[in-house]
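Numbering starts at 1 and runs along the sequence shown. None of the values given here were measured: they were computed from a predicted structure. These values consider heavy atoms only, across backbone and side chains, with no hydrogens, waters or symmetry-generated copies.
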Amino acid sequence: MRFNFASFSSRRAMPFLGQDWRSPGWSWIKTEDGWKRCEPWTEGLEGENNRCGASHGTILNSEDEEIFNNEEHEYASKKRKKDHFRNDRNTQCFYREKWIYVHKESTRERHGYCTLGEAFNRLDFFSAVQDARRFTYVARLLQLIAKSQLTSLSGVAQKNYFNVLDKIVQKVLDDHQNPRLIKDLLQDLSSTLCILIRGVGKSVLVGNINIWVCRLETILNWQQQLQNLQMTEQVDSGLTLSDLPVHMLSNILYRFSDGWDIVTLGQVTPTLSALSEDRRLWKKLCQYHFGEKQFCRHLILSEKGHIEWKLMYFALQKHYPTKEQYGDTLHFCRHCSILFWKDSGHPCTAADPDSCFTPVSPQHFIDLFKF
């Protein structure tokens, strides 16, 4: 059997590598270097677009202008847009559709699979950090990744992860909100990195070990900044928390689902301190997060024989996970296999879309991208 080297060399130049060109929302253009993916419109490319339009005006005569109408000219201009910011670590791709098709294997229609780094961009986690409803969700997701997924992050996923983390830390330093949550996140991340960096030579981390050492130094610097964070006292002559009646203050405490938030609020005034020690408040909190079988295993009684619900809550918290509450979460469409933010939606083709939606917890999100 003879091997035809001529036919092999003619087929050697593939038009593209990686994900199939029929993937939703992507456009491809042919260049001298091969096929390249068109990125969405950005302001940085507007100048080049105008220059390309001006050059066309000098080449085309009056007869040709009748052929190229405005729509065709716009399409031709979009084809000339290139990815100028791919190597810029502070510049992220902007996608108008904030959803991603989750597929874990190649098919005849789709080649390759979606990655965690791609999901960070397509779901626009960089803007989600600025949304108060999504902030806790994103922070919890980063914390879970720090505990268990650092060794499996690709280079792109690492860059996106630390860019989102940088935005979160800067936001907390600016508005002084949720510092305890981010302190816990950075503590878990630094502890995990210290352990993994000691394993140098065992290929436990993807990338150069010196890059991870620099990242660890940045994390330690963030921790120091948060440790030195001073809450500025707001001078306001209007209504304050102390001016509210006792029953309203009690109602506010009953709205909390985190015991540490109750403890923190109890340090504000003597009245709130007394209300934060209410046994019924901690009993309701324990019943919300844990079951009766768990109560029996970690029962704590006082000298008088009463159940210490506050102590039980923090004891149970060490052994069992608490229920998670978020203002806005990601949802997964079982019909379309698409992951999306609920208020952003996605182009669903199901007859009854709402019946196909499933809320996605941070842990479930990580499981979707385990291969």
Check: Asn228 side chain, Gln224 main-chain N or O, donor-acceptor pair, under 3.5 Å: yes
Side chain to side chain contact (heavy atoms under 4.5 Å, CB included) between Glu118 and Val156, worked out: CA-CA 8 Å; Glu118 183 183 4; Val156 174; over 6 Å; no
Dump the intermediate steps for salt bridge (charged side-chain N to carboxylate O under 4.0 Å, His left out) on Lys342 and Asp354, then the final yes or no. CA-CA 10 Å; Lys342 184 177 181 180; Asp354 293 338; over 6 Å; no
Tell me if a side-chain donor or acceptor on Lys98 pairs with a main-chain N or O of Arg122 at a distance below 3.5 Å. no
If I compare all heavy atoms of Cys333 with all of Cys348, which pair ends up nearest, and what's the gap? SG-SG, 3.8 Å
Linking I/L/V/M/F/W/Y whenever their side-chain heavy atoms sit closer than 4.5 Å, directly or via other members, would Leu299 and Phe314 fall into one cluster? yes
Looking at every non-hydrogen atom in both residues, tell me the closest pair between Asn160 and Gly117 and how far apart they are. ND2-O, 2.8 Å
To the closest 0.5 Å, what do you measure between CD (Gln143) and CG (Asp188)? 4.5 Å
Tell me if a side-chain donor or acceptor on Tyr137 pairs with a main-chain N or O of Gly327 at a distance below 3.5 Å. no
Hey, does Leu189 have a side-chain heavy atom less than 4.5 Å from the side chain of Leu150? yes
Any sub-3.5 Å donor-acceptor pair from Glu308's side-chain atoms to Leu301's backbone N or O? no
Check whether Asp261 reaches the backbone of Phe256 with its side chain - one donor and one acceptor, N or O, closer than 3.5 Å. no
Identify the two heavy atoms, one from Leu144 and one from Pro362, that lie closest to each other, and give their separation to 0.1 Å. CD1-CB, 3.7 Å
Note: Tyr101 and Trp99 closest approach over all heavy atoms is N-CE3, 4.2 Å
Is Ile209 reachable from Phe162 through a run of hydrophobic residues whose side-chain heavy atoms are each under 4.5 Å from the next? yes
For Ser257 against Tyr288, the heavy-atom pair lying closest together: CB-CE2, 4.3 Å
Start with the C-alpha distance between Asp258 and Thr322, add both sets of side-chain angles, then the distance that settles side chain to side chain contact (heavy atoms under 4.5 Å, CB included), and finish with yes or no. CA-CA 9 Å; Asp258 189 343; Thr322 57; over 6 Å; no
Hey, what's the ring geometry for Tyr320 with His298, parallel, tilted or perpendicular (30° and 60° as the breaks)? perpendicular
If you measure only the distance, is there a donor-acceptor pair under 3.5 Å linking the side chains of Thr358 and His331? no
Leu193 side chain reached by Trp212 side chain, heavy atoms, under 4.5 Å: yes
Could you give the distance from CD (Glu292) to CD (Gln287), rounded to the nearest 0.5 Å? 8.0 Å
Under the side chain to side chain contact (heavy atoms under 4.5 Å, CB included) criterion, do Thr271 and Ser242 qualify, and how do the steps go? CA-CA 8 Å; Thr271 302; Ser242 304; over 6 Å; no
Which word best sums up how the rings of Trp282 and Tyr313 line up, parallel for under 30°, tilted for 30 to 60°, or perpendicular for over 60°? tilted
Using distance alone, with no hydrogens and no angle criterion, decide if Asn221 and Glu217 have a side-chain donor and acceptor under 3.5 Å apart. no
Measure from the ring center of Phe340 to the ring center of Phe357 and say whether it is less than 6.0 Å. yes
Is the NZ or CZ atom of Lys171 both under 6.0 Å from the centre of the six-membered ring of Phe135 and within 45° of that ring's axis? yes
State, without any angle test, whether Asp124 and Ser127 hold a side-chain donor-acceptor pair at a distance under 3.5 Å. yes
Any side-chain heavy-atom pair from Phe295 and Ile307 closer than 4.5 angstrom? no
For the CD1 atom of Ile145 and the CG atom of Leu116, what is their distance to the nearest 0.5 Å? 5.0 Å
Verify, without hydrogens or angle tests, whether Gln294 (side chain) and Gly291 (backbone) share a donor-acceptor contact under 3.5 angstrom. yes
Cluster link Leu165 to Val213, ILVMFWY, side chain under 4.5 Å: yes
Quick one: pull up CG in Leu205 and CG in Leu153 and give me the separation to the nearest 0.5 Å. 9.5 Å
Under a 3.5 Å distance rule, please check whether Trp341 uses its side chain to pair with a backbone N or O of Leu123 as donor and acceptor. yes
Leu244 vs Ile252 side-chain heavy atoms within contact, under 4.5 Å: yes
Please confirm whether the backbone N or O of Lys323 pairs with a side-chain atom of His289, one donor and one acceptor, at under 3.5 Å? yes
Set out, in order, the CA-CA distance, both residues' side-chain angles and the distance that settles side chain to side chain contact (heavy atoms under 4.5 Å, CB included) for Lys159 and Phe120, then state yes or no. CA-CA 10 Å; Lys159 183 182 71 172; Phe120 270 82; over 6 Å; no
CE of Met312 to SG of Cys286, rounded to nearest 0.5 Å, is 5.5 Å
Flag the pair Ile100 / Ile338 as yes when at least one side-chain heavy-atom distance between them is below 4.5 Å, and no otherwise. no
Are the side chains of Tyr254 and Leu275 in touch, meaning some heavy atoms are under 4.5 Å apart? no
Leu216 with Ile211, same ILVMFWY side-chain cluster at under 4.5 Å: no
Just wondering, do Val206 and Thr151 contact through their side chains at under 4.5 Å, heavy atoms? no
From the list Leu142, Asn163, Leu173, side-chain contact (heavy atoms from CB on, under 4.5 Å) partner of Ile168 resolves to Leu142
Decide yes or no for Phe332 and Ser337: does some side-chain heavy atom of the first lie under 4.5 Å from some side-chain heavy atom of the second? yes
Under 3.5 Å: donor-acceptor pair, side chain of Ser191, backbone of Gln187: yes
Heavy-atom closest contact (Asn178 atom, Val172 atom, distance): O-CG2, 4.2 Å
Hey, could you give me the CD/CG distance between Gln149 and Asp367, rounded to the nearest 0.5 Å? 8.0 Å
Just wondering, more than 12 heavy atoms not from Lys283 lying within 6.0 Å of its NZ? no
Using the salt bridge (charged side-chain N to carboxylate O under 4.0 Å, His left out) rule, take Arg133 and Asp343 through it: C-alpha gap first, then chi angles, then the decisive distance, then the call. CA-CA 11 Å; Arg133 300 169 301 167; Asp343 58 351; 3.0 Å; yes
Does a donor on one side chain and an acceptor on the other come within less than 3.5 Å for Arg140 and Gln363? no
Under 3.5 Å, side chain of Thr329 to main-chain N/O of Pro359, donor-acceptor pair present? no
Hey, quick one: are Leu272 and Trp260 part of the same hydrophobic cluster, counting side-chain heavy atoms closer than 4.5 Å, chains of contacts allowed? yes
